[in-house]
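What follows is one structure encoded as structure tokens, with my remarks underneath.
A quick note: this is a predicted structure, and the numbers were derived from the prediction, not measured.
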Amino acid sequence: MKAEELELLKRYFPEASVTMVAQIYEQRRFMLHFKRPRSSKLGDFRPPRTKNGICTITLNFDLNPYQMLITYVHEVAHYDVYQQYGSRSVQPHGTEWQNQFTTLLLPFMTEAIFPKDILTALQKHLHHIKASSTADQNLQRVLKHYDKHVETITTVESLPDGARFVLKNGLVFQKGEKQRTRYKCYCESNGRWYFVSALAEAKAL
């Protein structure tokens, strides 16, 4: 890998992980792109569009280094499963993907790379792997502590009951009662009810 490419990886990933991140990339045949933030996903894996095409992995460039690494491993696991089984033979986040995600992540799980609180949350996460790390609210609470703008973040769960708030998509809500990991909220913008994640970033009104 070229020196400038390694410097790019150092910008986005924990420095102690860069060598392994680069090795994983060089051992495989995919394109890696850092994209503008997308509210619906942190990254994705895309199979080739043509028979001889190349797979693509994209990652949101605004992720903190630890979230970036976990998301990278998540998407590389999709790449590996695709290479072994194809796109229609297995479930997207089935046993095959879970096993490969675990195999790829374990070498990174050291205190040289992750802080202790993230390591603890990751260990619990691997016992009950979800389709997305964002679905594991315990892990996400820990990871959010390392976001650059953490002091300005307000989440739905931190707002008082009945509070009015606006999400990134511009819709205005009134906070309702909690239903497991989400809150049933009334959307003043369109008169509908939605289940909003407890960790969704919101602006109080």
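Hydrophobic cluster membership differs between Val166 and Leu199, with clusters built from Ile, Leu, Val, Met, Phe, Trp and Tyr side chains linked at under 4.5 angstrom. Residues Tyr72 and Ile54 do not share a hydrophobic cluster, clusters being chains of Ile/Leu/Val/Met/Phe/Trp/Tyr side chains in contact below 4.5 Å. In the hydrophobic clustering of ILVMFWY residues, with side-chain heavy atoms under 4.5 Å counting as a link, Val21 and Leu8 come out together. By the criterion of side-chain heavy atoms lying less than 4.5 angstrom apart, applied directly or through intervening Ile, Leu, Val, Met, Phe, Trp or Tyr residues, Phe114 is grouped together with Leu106 in one hydrophobic cluster. Criterion: ILVMFWY side-chain heavy atoms under 4.5 Å apart, direct or through other members. Under it, Phe61 and Leu69 are part of a common hydrophobic cluster.
Without hydrogens or angle criteria, Tyr183 side chain to Val156 main chain gives no donor-acceptor distance under 3.5 Å. In this structure, Thr154 contributes its side chain and Lys203 its backbone to no donor-acceptor pair below 3.5 Å. With hydrogens and angles ignored, the 3.5 Å screen pairs a side-chain donor or acceptor of Tyr79 with a backbone N or O of Arg29. With hydrogens and angles ignored, the 3.5 Å screen pairs no side-chain donor or acceptor of Asn138 with any backbone N or O of Ala121. Looking only at distances, a side-chain donor or acceptor of Gln137 sits under 3.5 Å from a matching main-chain atom of Thr181. For the pair Glu75 (side chain) and Phe45 (backbone), a donor-acceptor distance under 3.5 Å is present.
Under a 4.0 Å N-O distance rule, the pair Arg28/Asp80 qualifies as a salt bridge.
Rounding to the nearest 0.5 angstrom, the gap separating the CG atom in Leu126 from the CE atom in Met109 is 5.0 Å. Of the inter-residue distances, the one linking Leu63 atom CG with Thr71 atom OG1 reads 5.0 Å to the nearest 0.5 angstrom. Atom NE2 of residue His78 and atom CZ of residue Phe30 lie 13.0 Å apart, to the nearest 0.5 angstrom. The CG atom of Asp44 lies 8.5 Å from the OG1 atom of Thr56; values are rounded to the nearest 0.5 Å. Distance CZ/Phe34 to CZ/Arg11: 9.0 Å, rounded to 0.5 Å. Put simply, OG1 on Thr19 and CG on Leu9 are 9.5 Å apart, with the number rounded to the nearest 0.5 Å.
When Arg141, His128, His125 are each tested for a side chain to side chain donor-acceptor pair (under 3.5 Å) with Asp136, only one passes: His125. Of the candidates Arg38, Lys41, Arg36, Thr58 forms a side chain to side chain donor-acceptor pair (under 3.5 Å) with just one, namely Arg38.
Counting only heavy atoms from C-beta outward, the side chains of Glu188 and Arg164 approach each other to under 4.5 Å. Residues Phe108 and Pro14 are not in side-chain contact: their nearest non-hydrogen atoms beyond the backbone lie 4.5 Å or more apart. Contact check for His145 versus Pro115: no side-chain heavy atoms found under the 4.5 Å cut-off. Considering only heavy atoms from C-beta on, Ile70 stays 4.5 Å or farther from His74 through its side chain. Lys144 has its side chain out of reach of Gln67: every pair of non-hydrogen atoms, C-beta onward, lies at least 4.5 Å apart.
At most 12 non-hydrogen atoms from other residues, nucleotides or ligands lie less than 6.0 angstrom from CE of Met31. The 12-atom threshold is not exceeded at NZ of Lys35, counting heavy atoms of other residues, nucleotides or ligands nearer than 6.0 Å.
Counting only residues at least two apart or in different chains, salt bridge (Lys or Arg N to Asp or Glu O under 4.0 Å) contacts with residues 103-126 are absent. Judged as a side chain to side chain donor-acceptor pair (under 3.5 Å), the pairs with a partner in residues 169-180 (not counting sequence neighbours) are, in order, Glu177-Gln179.
Using bins of under 30°, 30° to 60° and over 60° for the plane-to-plane angle, the ring pair His93/Trp97 lands in the perpendicular bin. Ring planes of Tyr66 and Tyr146: perpendicular class, angle over 60° (limits at 30 and 60°).
Here the closest heavy-atom approach between residue Ala16 and residue Ala112 is recorded as CB-O, 3.3 Å. Of all heavy-atom pairs spanning Asn60 and Gly43, the tightest one is OD1-N, 4.5 Å. Closest approach of Asn64 to Leu143, counting heavy atoms only: ND2-O, 3.0 Å. Closest non-hydrogen pair, Leu104 versus Val73, comes out as CB-CG1, 3.6 Å. Closest non-hydrogen pair, Cys185 versus Gly176, comes out as SG-N, 4.0 Å. In plain terms, the two heavy atoms of Leu167 and Ala200 that are nearest each other are CD2-CB, 4.2 Å.
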| query | Does the side chain to side chain contact (heavy atoms under 4.5 Å, CB included) test come out yes or no for Phe13 and Met20, once each step is laid out? | reply | CA-CA 11 Å; Phe13 295 92; Met20 285 194 290; over 6 Å; no
